[in-house]
Amino acid sequence: IALLAALVAASPALAGAKLKINDKTMIDLGFRLQALYIQDDADINLDGSLASIDTFKIRRARLRVKAVIGDHVEMFIQTEAGSGAGGSGLDMRIIDAFINLKVNPWAQIIAGLNMAPASRQNLTSSGALMAIDRPGIAYKSLTWGARALRSFSNRTYAGSTGNFSPPVAVRDTGVTLFGSGGVGDNLHLKYYLGVYDGDPRLGQDTFRTTARVQVNLWDAEAGYFNSSTYLAKKRTLGIGASYDSQSDVGRVAFDDGDVSGILGADYTYYTVDAFLEMPFGEGLALTAEAAYQALDFDSITTSNPGVDPTVYQRSAGDGFYVQAGIYVNKWQPWVEYETWSSDDPSGLGNLDGYRVGITYYLEGQNANIKAGYENFSTDVPFGIADGADEDSASAVVVGLYVTY
């Protein structure tokens, strides 16, 4: 509490909570809070039908501390208290804890718990979203559970998940080599190479390896993380591709509480994405983003014939999303469409969804209000996975977003 008071007291208004130790050492405190009202569909009566349910939810509540130590070393720690997608109640945990050794802009070594560069959306800051949240199929990477979400990414669609339980959810522990810089007057490049713990199969010791490359025309997106809209402050076209893999990933199958077998597979995930921010004058811009994703589980093995390998087939497959918005003097209406085709022969895991909404920026990305409507549909009724005999659901979400 004393440190927090000192940081805030040392900060000028609207300039951030910063404490200067000396000419080369500084501590920076930040926070993020996203509070939502959600009206969506769920089988609340356990009768096989969906009914509308109203809830309030803390989507993200974070405190973060960054320490700059000299010219070449930074440290970052971030905590979060929030009811995760589809969950209830609040939990508190550390979600980021890493050291960044900055040899030079083209060679930065990031060691610890951090976001793996498995896709552009993995590297899009949750404090700089255009829509209410990420596309639901953006959560197909390994540490996000190889799943899809609905209700504006607040509820897991159980028919899409491989039931992974990595040691650290969302982020991953390992080492990333990152670099960025200009390679021409209007051409910028950044790359990522990472090795992480991933989600190892019991009894195996394999690493997760991830790589990404991104080029931008005109303005750069130079940092480790991107934004999903720059509010007419950038003119940029970004093209990126990511590759993510780990062998012998898997989960333990349980029978009456005792381990009865192990289901394993080789995981491969890759994405190709494009992003455009095109201003047309003061306070006016078009933002568009699209990505194709593919997820494969090969060499599926099980030590128990009673364990069903289709848990991987319904999670695997391919799909794409497209989202776009127009920023006009603090207002930004936006739309998004996504689809996924699973490898399950029954069609379990197939989905289509569209979202429409609007954002009003009180203070840019520091404070804004978002509202939207979603329609989510599947090829196989929810009863197969989510306890309801219907194949479509809708959601309305209104949220207040604050980041500093």
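Annotation: the span from Gln108 atom CD to Leu177 atom CG amounts to 9.0 Å, rounded to 0.5 Å. Here Asn122 contributes atom CG and Thr143 contributes atom OG1; the two are 6.5 Å apart, rounded to the nearest 0.5 Å. Atom CD1 of Ile27 and atom CG of Leu19 lie 5.5 Å apart (nearest 0.5 Å). Once rounded to the nearest 0.5 Å, the distance linking CZ of Arg208 with CG of Asp199 reads 9.5 Å.
Between Glu80 and Arg62, the shortest heavy-atom contact is OE2-NE, 2.9 Å. In terms of heavy atoms, Ala241 sits closest to Asp273 at N-OD2, 4.2 Å. When all heavy atoms of Gly198 and Gln246 are compared, the closest pair comes out as CA-OE1, 3.3 Å. In plain terms, the two heavy atoms of Ala371 and Ile132 that are nearest each other are C-CD1, 3.8 Å. Of all heavy-atom pairs between Ala148 and Ser160, the closest is N-OG, 2.8 Å. Looking at every heavy atom in both residues, Ala274 comes nearest to Ile239 through CB-CD1, 3.8 Å.
Donor-acceptor pairing under 3.5 Å is recorded for the side chains of Asp54 and Tyr37. Residues Asp344 and Ser342 have side chains that never bring a donor and an acceptor to within less than 3.5 angstrom of each other. Checked by atom type, the side-chain pair Asp96/Gln78 shows a donor-acceptor distance below 3.5 Å. Checking Ser228 against Thr124 by side-chain atom types alone, no donor-acceptor pair falls below 3.5 Å. Using modelled atom types and a 3.5 Å distance limit, the side chains of Thr229 and Gln332 yield a donor-acceptor pair. Judged purely by distance below 3.5 Å, without hydrogens or angles, the side chains of Asn226 and Lys190 pair a donor atom with an acceptor atom. Side chain to side chain, Glu289 and Gln121 meet the donor-acceptor criterion of an N or O pair below 3.5 Å. Under 3.5 Å, the side chains of Arg134 and Ser126 contain no donor-acceptor pair of N or O atoms. Donor-acceptor pairing under 3.5 Å is recorded for the side chains of Thr236 and Asn216. Checking Arg64 against Thr79 by side-chain atom types alone, no donor-acceptor pair falls below 3.5 Å. Between the side chains of Ser242 and Arg212, at least one donor N or O sits under 3.5 Å from an acceptor N or O. When only modelled atom types and interatomic distance are considered, Asp391 and Ser377 share no side-chain donor-acceptor pair under 3.5 Å.
Here the side chain of Thr359 pairs a donor or acceptor atom with the backbone of Met130 at under 3.5 angstrom. Gln293 places a side-chain N or O within donor-acceptor distance of the main-chain N or O of Ile137, the cut-off being under 3.5 Å. A donor-acceptor pair under 3.5 Å links the side-chain atoms of Lys140 to the main chain of Ser315, judged by distance alone. Looking only at distances, a side-chain donor or acceptor of Asp219 sits under 3.5 Å from a matching main-chain atom of Arg235.
In this structure the side chain of Met278 reaches within 4.5 angstrom of the side chain of Trp218, judged on heavy atoms. Within the 4.5 Å cutoff, no side-chain heavy atoms of Asn114 are placed close to those of Asp172. Side-chain contact check for Leu263 versus Val311: some heavy-atom pair is nearer than 4.5 Å. Here the side chains of Asp266 and Asp248 are in contact, with some heavy-atom distance below 4.5 Å. Looking only at side-chain heavy atoms (C-beta outward), Ser180 and His188 stay at 4.5 Å or farther from each other. Thr156 is listed as a side-chain neighbour of Leu149, based on a closest heavy-atom distance under 4.5 Å. Contact check for Tyr361 versus Trp331: no side-chain heavy atoms found under the 4.5 Å cut-off. Using a 4.5 Å heavy-atom threshold, the side chains of Leu400 and Gln34 count as separate.
Under a 4.0 Å N-O distance rule, the pair Lys102/Glu74 qualifies as a salt bridge. For the pair Asp197 and Arg171, the salt-bridge criterion is not met [side-chain N within less than 4.0 Å of a carboxylate O].
In the displayed structure, Tyr360 atom OH is contacted under 6.0 Å by more than 12 heavy atoms of other residues, nucleotides or ligands. Within a 6.0 Å sphere centred on CD1 of Ile326, other residues, nucleotides and ligands contribute 12 heavy atoms or fewer. Counting heavy-atom neighbours within 6.0 Å of Leu33 CG, excluding the residue itself, gives a total above 12.
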Is there a side-chain contact (heavy atoms from CB on, under 4.5 Å) between Val73 and Leu101? Walk through the geometry before answering. CA-CA 5 Å; Val73 180; Leu101 179 60; 4.0 Å; yes
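Ring centroids of Tyr267 and Tyr312 are separated by 6.0 Å or more, keeping the two rings apart. Aromatic pair Tyr243/Tyr270: centroids not less than 6.0 angstrom apart. For Tyr321 and Tyr292, the distance between ring centers is not under 6.0 angstrom.
Between Phe152 and Trp334, the angle of the ring planes goes over 60°, which puts this pair in the perpendicular group of the 30/60° scheme. The aromatic rings of Tyr139 and Trp144 are tilted relative to each other, their planes meeting at an angle between 30° and 60°. Relative ring orientation between Phe275 and Tyr230 is described as perpendicular, the plane-to-plane angle rising above 60° on a 0-90° scale split at 30° and 60°. A tilted orientation is assigned to the rings of Tyr373 and Tyr354, their planes being inclined by 30° to 60°.
A cation-pi arrangement is absent between Arg355 and Tyr337 under the rule of less than 6.0 angstrom and at most 45 degrees off the ring axis. With Tyr401 as the aromatic partner, Lys370 meets the cation-pi criteria of under 6.0 angstrom to the ring centre and within 45 degrees of the ring axis.
The residue from Tyr192, Phe98, Trp106, Tyr191 that alone fulfils the ring-ring contact (aromatic ring centres under 6.0 Å, His included) condition with Phe178 is Tyr192. Of the residues listed (Thr176, Thr209, Asp244), the one engaging Tyr196 in a side-chain hydrogen bond (donor to acceptor under 3.5 Å, both in side chains) is Thr176, and it is the only one.
Among residues two or more places apart in sequence or in another chain, the side-chain hydrogen bond (donor to acceptor under 3.5 Å, both in side chains) test is passed with Asp40 by Ser151, Arg155.
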